[in-house]
2 protein chains.
Amino acid sequence: MKVSKTEKNLPEPTKAELEILQVLWEFGPSTVRFVNDKLNAQRDVNYTSTLKQMQILTEKGILKRDESQMKHIYIPVEDESKTKDQLLDRFVNTLYKGSASSLVMQLLGNNKTSKDDIEKIKKLLNNFDK
Amino acid sequence: MKVSKTEKNLPEPTKAELEILQVLWEFGPSTVRFVNDKLNAQRDVNYTSTLKQMQILTEKGILKRDESQMKHIYIPVEDESKTKDQLLDRFVNTLYKGSASSLVMQLLGNNKTSKDDIEKIKKLLNNFDK
DNA sequence: CCAAAGGTACGATAGTTTTCGTACGAAGCA
DNA sequence: TGCTTCGTACGAAAACTATCGTACCTTTGG
């Protein structure tokens, strides 16, 4: 199973922080106003709450920002893929003792995975080790 | 075709709660003492902390207990697989917009997944739809 | 019978995460 | 110029999570 030691990395984002990261991943570097608007499409959040979160994310080193303008632009320090890797790694380790195949088995048994997705997964695997 | 009736989900277990659930999944219905001993194999926890957590889990309806003896026996209400399904589902939805194949792709790109695991996953898929 | 060991109950505290009010400066505009 | 809008900064409340101390009851063994 090879539980790789978790790389010494940035602090794990919390739930609210993850919401923000996802907006930035999807739309690229953004202002607080922009992020807050996106969040409010899903749920009510006060502007200053979002601002605070983004400031905290910056303190933690998860985001950096361009302060050259009055409206600061926030940017994720690590790219989406790397951060998700960490989260996924942690998830697999926690719930499946590090076994990716166990996770996939669960995914297949879970009837929420569509035929389409299963087909896609097959293709991925076949192309994988050439 | 599987109609997924929106199952009413139990409240999502917290981190500490998940630790306890895992002990119960691995060893079956247990007393607080037993669970606490297992936890202490990994980290220090006071007995009453574990007790409290298990009481909370019971209040939340995640565990039930047999109180017919002085030493109560705690039992998960849902089975391991179902609970993990929910957690996995939530994870996929949150991070991969519900796309299982995206998750698997990440898993493969992530070089923490061993050759062995990849082989296992292939076998799973090939046996899956026949 | 009594003390010690071991069990549950539960409130209080500590720690973390999330939310927001308030202060205040800069920009926009009539 | 003044007023209103929009921005950041930041402390602190609120909400959630985790840990533990203390009280008190039951069982055990000498």
Side-chain angles (χ1 to χ4, degrees), chain A residues 9-24 27 29-75 83 86-87 90-91 94-95, chain B residues 9-24 27 29-75 83 87 90 94-95:
Chain A
N9 259 318
L10 296 173
E12 179 184 335
T14 67
K15 219 177 133 171
E17 290 171 352
L18 203 46
E19 279 187 320
I20 290 168
L21 274 177
Q22 304 203 59
V23 173
L24 294 175
F27 298 99
S30 309
T31 62
V32 176
R33 173 67 57 199
F34 182 86
V35 172
N36 186 245
D37 286 348
K38 292 300 174 190
L39 294 186
N40 275 280
Q42 305 174 323
R43 66 181 184 96
D44 277 5
V45 207
N46 187 298
Y47 176 87
T48 56
S49 302
T50 303
L51 169 63
K52 179 67 161 187
Q53 286 293 349
M54 292 175 79
Q55 287 171 338
I56 291 171
L57 277 161
T58 304
E59 277 169 25
K60 287 194 189 176
I62 293 174
L63 298 184
K64 62 190 172 188
R65 66 181 177 185
D66 173 355
E67 308 181 4
S68 65
Q69 318 293 329
M70 180 190 174
K71 305 184 185 185
H72 298 172
I73 305 290
Y74 288 78
I75 305 154
T83 302
Q86 289 170 209
L87 293 170
R90 183 174 178 336
F91 188 81
T94 300
L95 256 65
Chain B
N9 297 348
L10 296 173
E12 181 182 334
T14 66
K15 220 177 131 166
E17 289 172 352
L18 204 47
E19 279 188 321
I20 289 169
L21 272 177
Q22 303 204 61
V23 172
L24 294 176
F27 300 98
S30 310
T31 61
V32 174
R33 173 65 58 198
F34 182 86
V35 172
N36 186 245
D37 286 349
K38 292 298 174 192
L39 294 185
N40 275 280
Q42 305 176 320
R43 67 182 183 95
D44 277 6
V45 209
N46 187 296
Y47 176 87
T48 56
S49 302
T50 304
L51 169 63
K52 180 66 163 186
Q53 287 292 351
M54 293 175 78
Q55 287 171 338
I56 291 172
L57 277 161
T58 305
E59 277 169 25
K60 287 195 189 176
I62 293 175
L63 299 183
K64 60 190 172 187
R65 66 181 177 185
D66 174 354
E67 308 180 3
S68 65
Q69 321 290 330
M70 181 189 174
K71 305 185 186 183
H72 299 172
I73 304 291
Y74 288 78
I75 306 154
T83 301
L87 294 171
R90 183 166 163 32
T94 300
L95 255 66

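Given the structure is predicted, the values throughout are model-derived calculations rather than measurements. Convention: sequence-line order gives letters A, B, ...; per-chain numbering from 1. Reckoned from all heavy atoms, side chains included, excluding hydrogens, waters and symmetry mates.
With B:Thr94 contributing its side chain and B:Arg90 its backbone, the two residues share a donor-acceptor pair below 3.5 Å. Judged by distance alone, the side chain of B:Asn36 and the main-chain N or O of B:Val32 form no donor-acceptor pair under 3.5 Å.
Side-chain contact between A:Lys52 and A:Gln55: present, with at least one pair of heavy atoms (C-beta onward) separated by less than 4.5 Å. Side chains of B:Glu17 and B:Met54 form no contact here, defined as non-hydrogen atoms less than 4.5 Å apart.
Between the CD atom of B:Glu59 and the P atom of D:dC16 there is a distance of 15 Å, rounded to whole Å. Atom-to-atom, CG of A:Asn46 to P of D:dA15 comes out at 15 Å; the value is rounded to the nearest Å. Protein atom NE2 of B:His72 is 11 Å distant from nucleotide atom C1' of D:dT26, rounded to whole Å. Rounding to whole angstrom units, CG of residue A:Asn36 and P of D:dG7 are separated by 10 Å. With rounding to whole Å, B:Gln69 atom CD is found 16 Å from D:dC25 atom C1'. Atom pair A:Met70:CE and C:dG28:C1' shows a separation of 11 Å (rounding to whole Å applied). Remark: P of C:dT18 and OH of A:Tyr47 are 19 Å apart, rounded to the nearest angstrom. In this entry the distance linking CG of B:Leu51 with C1' of D:dT22 reads 13 Å, nearest Å.
For the pair A:Arg65 and B:Thr50, nearest-nucleotide mapping onto DNA chain D gives the more 5' position to A:Arg65. When each of A:Glu17 and A:Thr48 is assigned the nucleotide of DNA chain C bearing its nearest heavy atom, the one mapping closer to the 5' terminus is A:Glu17.
Ranking C:dG6, C:dT17, D:dA9 by closeness to the B:Arg33 side chain, first place goes to C:dG6. Taking every side-chain heavy atom of A:Gln55 into account, D:dC10 is the closest of C:dT18, C:dA9, D:dC10. Nearest nucleotide to the side chain of B:Lys52, out of C:dG21, C:dT18, C:dA12: C:dA12. Of all nucleotides listed (D:dC20, C:dC10, C:dT19), C:dT19 comes nearest to the side chain of A:Arg43.
Annotation: cation-pi geometry not satisfied between B:Lys64 and B:Tyr74 (NZ/CZ under 6.0 angstrom from ring centroid, within 45° of ring axis).
Residue A:Ser49 places at least one side-chain N or O closer than 4.0 Å to OP1 or OP2 of C:dC20.
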